[in-house]
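Worksheet: the structure to be examined is printed underneath.
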Amino acid sequence: MAVVLILVILAVGSVVFHLFSPWWWTPIASNWNYIDNTIIITFWITGFVFVAVVLFVAYCVFRFRHRPGNRAAYEPENKKLEVWLASVTSIGVAAMLTPGLFVWHQFVTVPPGTTEVEVVGQQWLWSFRLPGANAKLGTSEIRAIGDGNALGVNPNDPNGLDDLIIEGGELHLPLGKPVKMLLRSVDVLHDFYVPEFRAKMDMVPGMVTYFWFTPTRTGTFEILCAELCGTGHPQMRGTVVVDEEADYQAWLEQQQTFTQLLAASEDQTKIASSTSSSK
Ligand SMILES: [Cu+2]
C-alpha cells in the first residue's frame with residue numbers, strides 16, 4: 001500500500017511542482033516564440049505519458065497485489081495490445097518532432113533585407129564583426145589571423161576593410177530589425193546561446209553556421225557558451241545590448257574599422273622595434 005501511495009504522490013507532486021515551479025524561462029526577447037510552443041507541446045505529451053504510466057503502475061501494484069493462492073497468467077504475446085501501444089507511441093513521437101521541423105525551417109530561412117553580423121568564438125571570449133559603410137562583410141581566412149587581426153579578416157578583400165571589429169566586447173543590435181548571425185570559431189567547438197533570444201547554434205572550426213532572429217525588446221542580454229570548450233568554458237560570457245535606432249547609431253560610430261585596427265597594430269610594431277633598437 002505504501003508503494004501505491006508513493007507512486008500517486010510522485011505523479012501528482014510532479015504536476016503540482018511543474019505548475020508552481022519558481023524556475024521558468026527568461027522573458028522572451030525575440031520573434032522565436034515558436035520555440036517556446038514546441039517545448040510546451042513536448043511538456044504536455046511527456047507530462048501526460050509520465051502521469052499515465054506512473055498511475056497505471058500504481059493501479060497494477062494495488063490491483064494485482066499478492067494474495068495467497070493467486071497465480072500469474074502466462075501471456076507472452078498480445079497482438080492487439082502491441083498494435084495499440086506501437087500506434088499511440090508513434091503518434092506521440094511524431095507530434096513532438098513535427099513542430100520542430102517547421103520551426104527549424106523558419107530558423108534557417110533568412111528573410112530578405114536581413115543584416116549580417118558575424119560572431120567569432122575563441123577560448124574564451126566572444127568577438128563580433130559588423131558590415132561597414134558598404135553594408136557587406138569581407139571574407140575571412142584562418143591564415144590571416146595575426147597581430148591586429150585576431151578574427152582573421154582577409155586583408156586583400158576590399159569589402160572587409162570598412163568592417164567594424166569588436167574584439168571581446170559588447171555587441172549592440174538595433175531593435176526590431178532582423179539579423180543573420182554568422183557563427184565562426186577559430187579554435188574549438190563553441191556554441192552561441194542567448195537564452196532570451198531562444199536561439200543557439202554550434203560554432204564549428206572551419207565552418208560558418210548561421211541562424212536569424214529579430215530582437216523584440218531593448219535590454220542587455222548575456223551570451224553563454226553552450227558547448228564545453230575547455231577550462232575557461234564557464235567564464236566564456238558576453239553581452240548583447242538591444243538598442244533603439246538612435247542609440248544603436250551612436251554606438252556604431254564609436255567602433256573601429258578593420259583598417260583602423262591594422263594601422264594601430266602597425267604603429268605599435270613600429271614603436272616596439274624603435275624602442276628595442278635604441279637600447
Ligand atoms: Cu566556448
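Ligands are counted one by one from 1 in listed order, and the atoms in each one are counted from 1 as well.
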Worksheet item: Got a second to check how far Thr218's OG1 is from Leu175's CG, nearest 0.5 Å?
Response: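 One finds 6.5 Å between OG1 of Thr218 and CG of Leu175.
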Worksheet item: Can you say whether the rings of Trp24 and His18 are parallel (under 30°), tilted (30 to 60°) or perpendicular (over 60°)?
Response: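 Rings of Trp24 and His18: perpendicular, as their planes differ by over 60°.
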Worksheet item: Parallel, tilted or perpendicular: which describes the rings of Trp25 and Phe43, with under 30° parallel and over 60° perpendicular?
Response: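 Rings of Trp25 and Phe43: parallel, as their planes differ by under 30°.
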Worksheet item: Partners of Lys180 by side-chain hydrogen bond (donor to acceptor under 3.5 Å, both in side chains), sequence neighbours excluded?
Response: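 Expected list: none.
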Worksheet item: Are side-chain N/O atoms of Gln249 and Glu245 paired as donor and acceptor at under 3.5 Å?
Response: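 Checked: Gln249/Glu245 side chains pair up, N/O donor to acceptor below 3.5 Å.
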Item to complete: At a cut-off of 2.8 Å, list the protein N/O/S atoms near the Cu ion (ligand 1), residue plus atom name.
Response: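 Sorted hits: His190 ND1, Cys225 SG, Cys229 SG, Met236 SD.
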Worksheet item: Leu130 and side chain to side chain contact (heavy atoms under 4.5 Å, CB included): which partner among Leu164, Val179, Asp163, Ile165?
Response: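 Looking at Leu164, Val179, Asp163, Ile165, the match for Leu130 under the side chain to side chain contact (heavy atoms under 4.5 Å, CB included) is Leu164.
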